[in-house]
Amino acid sequence: MFEAEQKRLEEQILSILTQQDIFVSELKWTQIPFTGEWGITTSFFATAAAEARNGKSVVVPRRAQEIAEMVANGLGTPEGFTKCEPVRGYLNLYFSTVEYAHRVLTEVQVKGDAFGKLSRKSQRVMVEYSQPNTHKPFHVGHLRNVILGSAVCNILDWAGYDVIRANYLGDIGLHVIKWLWGYLKFHQGETPAHDMVRWMGDIYAEATRHFEEDPDVEKEVRQLFGRWHNGDPDIEALWLKTRQWSLDAFDQIYRMMGVEFDRYYFESEVEKPGLELVDQLIQDGIARDERPQDSVIVPLDELLGLENDYRVLVVLRSDGTSLYSTKDLPLAIQKFNEYDLAKSIYVIDVRQSFYLRQIFKTLELMGYPEYAEKCHHLAYEIVNLPGNVTMSSREGTVVLLEDLVREATQRAFQIVAEKNPELSEAAKKEIAFAVAMGSIKYSMLSKDNTKVVTFDWERAMDFNGQAAPYIQYAYVRAGSILRKAGGTVGTIEHPASDLHPTEVQLIDVMTRIPDVIQRAAEEYRPLHVATLAYDLARAFNDFYNQCPVLKEDGEIRAFRLHIVAAARQALGNCLAVLGIVAPDAM
RNA sequence: GCCCCUGUAGCUCAAUGGACAGAGCGCCAGACUUCUAAUCUGUCGGUUGCAGGUUCGAUUCCUGCCAGGGGCGCCA
């Protein structure tokens with residue numbers, strides 16, 4: 001947010017030091033890391049180290065401090081700053097807080113909901129996430145993907161990219177046929193109860209049990225798969241009808257989670273292009289057909305002259321049926337052909353890292369190196385149950401999403417009813433849901449993508465501490481002050497007196513939002529935004545406890561109201577990026 | 001066997017190669033006639049898995065170990 005100042009200072013520093021025949025290494029600017037101190041800082045260790053490397057006999061830290069002192073003397077106190085201090089090799093420049101606070105508040109006020117957004121880049125990025133299998137239950141294990149993928153989309157959007165949110169549905173495969181078999185065998189003619197997800201999940205678990213226990217069932221299922229492949233109209237009709245039940249259920253879940261998609265791809269649609277592509281690969285000598293004894297493979301290491309690196313990618317079963325890879329290859333290309341993508345991101349759990357590396361390498365060998373290098377696997381760790389038990393719909397070790405949301409909402413409802421009994425039933429419900437869903441989202445977004453999440457009922461129900469409600473509550477408090485004050489009005493005046501340290505800290509944290517969004521987008525890590533949102537809420541609570549607003553009058557009251565309005569805006573924007581609803585009361 | 005990820009306070013997690021490694025939870029002791037206490041203040045808590053190396057400076061980068069998790073030709 002202070003690029004202009006930094007650039008101006010850099011020029012001055014450069015001219016001061018070149019006069020002394022000191023070659024300046026690149027200057028990196030950061031915020032002064034001490035709470036309550038507001039300003040920017042840089043250091044001269046790199047500059048001193050470069051001198052040492054060039055044969056000058058200097059002790060780096062001492063020399064860095066010498067240079068910092070030299071610069072400080074040369075700069076004096078630059079315009080807009082109150083102090084310029086050389087400390088242990090660092091050069092600390094302290095803002096004139098009144099002036100800068102005014103500037104920041106004005107910026108937040110003017111930009112409003114767009115505060116923190118970066119300029120548009122005119123680059124399209126596709127993010128594929130969620131990828132649920134139809135005919136299977138949607139459980140807590142699937143949650144992280146949706147929450148992460150959606151948040152990354154928001155972050156990229158805020159960072160200036162044109163984001164295409166894509167979903168890739170596993171609407172065909174053995175799991176679907178197993179389900180159809182189970183339906184025909186034990187539930188023919190039944191229609192889904194109101195609890196559709198559970199109903200379909202139960203049928204799936206039942207069918208899987210038979211499939212695994214009875215070898216004859218496998219034969220029957222394979223036979224059924226054959227009928228599907230041959231386009232048996234009865235089977236096709238049943239498949240489409242039951243698939244729709246699943247899609248409706250997913251739709252409901254996405255709506256509940258506040259998540260949306262621009263483009264749906266179906267696995268069933270890319271199977272045929274995949275089969276054709278494999279033929280082409282064989283013709284081109286990229287794939288080797290070892291049928292009927294073996295499968296069709298892309299011998300990656302052999303083609304690349306490597307050993308034990310990319311290994312071998314199987315692209316077609318020996319019986320000629322398709323695999324994931326059969327479909328992923330054409331789909332990857334289709335995405336680029338359909339949209340002119342600068343980046344194609346796959347939000348898929350870490351267990352598929354090696355597989356995706358193979359897919360991207362195969363794309364390269366197929367003659368699409370420019371696509372391959374734009375593909376990126378955004379890997380995240382899975383959500384386990386305590387005792388390192390992986391959720392599996394086959395084994396029935398799952399916590400259903402709706403159960404989690406219901407329990408969490410109930411718990412939140414009790415608390416709202418306690419805190420705010422005068423609210424209407426509907427309002428309480430709405431708030432409870434926002435708190436529950438926000439907590440679930442925040443608990444996953446505030447951990448790094450590479451960390452395993454262990455699902456724990458007790459912790460999922462805990463709304464205290466560093467969690468969404470803390471941030472939502474700060475937002476509510478800010479709104480409450482503004483409401484009682486009748487809203488803020490007019491332009492922001494310079495306050496007559498110095499700012500309170502908590503005011504400075506709060507404004508300081510606000511200014512970091514654009515940079516944090518930028519970094520979160522570069523690294524695909526919502527964690528940074530989650531942390532910032534919390535820091536902001538904490539800074540606001542400090543301010544709230546130490547700086548009365550409504551009790552003051554005149555300039556101080558007016559100025560603090562603007563701080564409150566800006567803080568509310570900043571909190572709301574951060575929550576929006578995370579996909580968490582900001583309620584008006586709690 | 002090879003590859004990837006993780007290892008930081010009792011627990012769950014932070015920390016663009018920089019200043020004193022920070023939060024939350026839990027424990028204990030406090031603060032509501034106040035702008036909503038879903039809040040705040042204070043106390044306790046560390047050989048950043050181990051050993052080397054690079055660097056002026058390493059939780060961060062490199063190497064080797066140790067521990068846990070995941071992956072490695074017809075599952076998705």
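Note that the coordinates shown come from a computational prediction; the quantities given were computed from them, not determined experimentally.
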Can you tell which of [options] lies closest to the side chain of [X]?
X	options	value
A:Asn388	B:A14, B:G69, B:C35	B:G69
A:Ser295	B:C74, B:A15, B:C56	B:C74
A:Tyr534	B:G24, B:G70, B:G73	B:G24
A:Asp448	B:G73, B:A14, B:C13	B:A14
A:Val60	B:G70, B:A37, B:C56	B:C56
A:Phe34	B:A19, B:C72, B:A15	B:A19
A:Leu550	B:G73, B:A19, B:C35	B:C35
A:Thr41	B:A14, B:C35, B:A19	B:A19
A:Val416	B:A38, B:U39, B:G24	B:A38
A:Asn545	B:U39, B:G69, B:C20	B:U39

Please enumerate all residues that pass salt bridge (Lys or Arg N to Asp or Glu O under 4.0 Å) together with A:Glu218, with sequence neighbours excluded.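 In terms of salt bridge (Lys or Arg N to Asp or Glu O under 4.0 Å), with neighbours along the sequence ignored, A:Glu218 is linked to A:Arg222.
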Looking at residues at least two apart in the chain, or sitting in another chain, which of them share a salt bridge (Lys or Arg N to Asp or Glu O under 4.0 Å) with A:Glu522?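 With neighbours one apart ignored, the set is empty.
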Would you indicate what [X] reaches in the nucleic acid, counting non-hydrogen atoms under 4.0 angstrom: base, sugar-phosphate, or nothing?
X	value
A:Val435	base
A:Ala48	nothing
A:Thr454	nothing
A:Asn449	nothing
A:Asp309	nothing
A:His377	nothing
A:Thr321	nothing
A:Leu527	sugar-phosphate
A:Arg459	sugar-phosphate
A:Ile297	base
A:Glu290	base
A:Arg519	sugar-phosphate
A:Arg62	nothing
A:Val476	base

In whole Å, I'd like the distance from the [atom1] atom of [X] to the [atom2] atom of [N].
X	N	atom1	atom2	value
A:Tyr442	B:A38	OH	P	19 Å
A:Arg311	B:G1	CZ	P	14 Å
A:Phe455	B:U12	CZ	P	17 Å
A:Ile556	B:C35	CD1	C1'	16 Å
A:Glu267	B:C75	CD	C1'	12 Å

Close N or O pairs between protein and nucleotides 43-46 of chain B (under 3.5 Å):
none

Go through the steps to decide whether A:Val296 and A:Thr326 satisfy the test side-chain contact (heavy atoms from CB on, under 4.5 Å), and finish with yes or no. CA-CA 10 Å; A:Val296 179; A:Thr326 322; over 6 Å; no
Taking side-chain contact (heavy atoms from CB on, under 4.5 Å) as the test, write out the residues that go with A:Leu313, two or more places apart.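 Counting only residues at least two positions away or on another chain, A:Leu313 forms a side-chain contact (heavy atoms from CB on, under 4.5 Å) with A:Val298, A:Leu300, A:Val315, A:Ser325, A:Tyr355, A:Gln358, A:Ile359, A:Thr362.
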Residue list, side-chain contact (heavy atoms from CB on, under 4.5 Å) with A:Val476, at least two apart or on another chain: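 With sequence neighbours excluded, A:Val476 shows a side-chain contact (heavy atoms from CB on, under 4.5 Å) to A:Pro583, A:Met586, given in chain and number order.
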Quick one: on RNA chain B, does A:Thr390 or A:Ile172 contact a more 5' nucleotide (nearest heavy atom)?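 Closest to the 5' end, via its nearest nucleotide, is A:Thr390.
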Hey, could you give me each pair passing side-chain hydrogen bond (donor to acceptor under 3.5 Å, both in side chains) that has a residue in residues 129-142 of chain A? Not counting sequence neighbours.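 Checked against side-chain hydrogen bond (donor to acceptor under 3.5 Å, both in side chains) - neighbours excluded - the pairs reaching residues 129-142 of chain A are A:Glu128-A:Gln131, A:Ser130-A:Tyr254, A:Gln131-A:Asn145, A:His135-A:Thr242.
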Under the side-chain hydrogen bond (donor to acceptor under 3.5 Å, both in side chains) rule, what pairs show up with a residue in residues 292-308 of chain A, not counting sequence neighbours?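 Matches after skipping sequence neighbours: A:Arg288-A:Glu302, A:Asn308-A:Arg311.
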Is [X] near enough to [N] that one of its side-chain N or O atoms lies under 4.0 angstrom from OP1 or OP2?
X	N	result
A:Tyr324	B:C74	no
A:Arg317	B:A76	yes
A:Arg88	B:C20	yes
A:Arg525	B:A15	yes
A:Arg477	B:A37	yes

Report yes or no: is the cationic atom of A:Arg357 (NZ for Lys, CZ for Arg) under 6.0 Å from the centre of the six-membered ring of A:Tyr310, at an angle within 45° of the ring normal?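 Yes, a cation-pi geometry holds between A:Arg357 and A:Tyr310.
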List the atom pairs, with distances to 0.1 Å, where a side-chain N or O of residues 173-181 of chain A and a protein N or O form a donor-acceptor pair under 3.5 Å, not counting sequence neighbours.
from	atom 1	to	atom 2	distance (Å)
A:His175	NE2	A:Gly170	O	3.2
A:Trp179	NE1	A:Met200	O	3.0
A:Trp181	NE1	A:Glu220	OE1	2.9

Strand RNA chain B as a dot-bracket string - pairs counted if Watson-Crick or G-U with both distances under 3.5 Å, | where the partner lies in another strand: (((((((..((((....[...))))..((((.......))))......(((((..]....))))))))))))....
Heavy atoms within less than 4.0 Å of RNA chain B: which residues of residues 417-424 of chain A have one? Give them sorted by number.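 Within this stretch, A:Lys419, A:Asn420 sit under 4.0 Å of the strand.
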At their closest point, which heavy atom of A:Leu445 faces which heavy atom of A:Ala151, and how far apart are they?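 What the structure gives for the nearest pair is CD2-CB, 3.8 Å.
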Provide the distance between the two C1' atoms, one in B:G26 and one in B:A9, to the nearest whole Å.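 B:G26 and B:A9 have their C1' atoms separated by 12 Å.
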Which value, in whole Å, describes the distance between the P atoms of nucleotides B:U41 and B:A58?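 So the two P atoms sit 33 Å from each other.
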Side-chain donor/acceptor of A:Asn92 to base of B:A19, under 3.5 Å: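 Such a pair exists between side chain and base.
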Name the pairs: protein N/O against N/O of nucleotides 29-34 of chain B, kept only if under 3.5 Å.
none

A:Tyr524/A:His376 aromatic ring centres below 6.0 Å: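 Distance test on ring centres: under 6.0 Å, yes.
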Heavy-atom count check: over 12 atoms from other residues, nucleotides or ligands less than 6.0 Å from A:Glu430 CD?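 Atom CD in A:Glu430 is not packed in, count stays at 12 or less.
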Just the atom pairs and distances: protein N or O near nucleotides 3-10 of chain B's N or O, under 3.5 Å.
from	atom 1	to	atom 2	distance (Å)
B:C5	O2'	A:Thr450	O	3.4
B:G7	OP1	A:Lys451	NZ	3.0

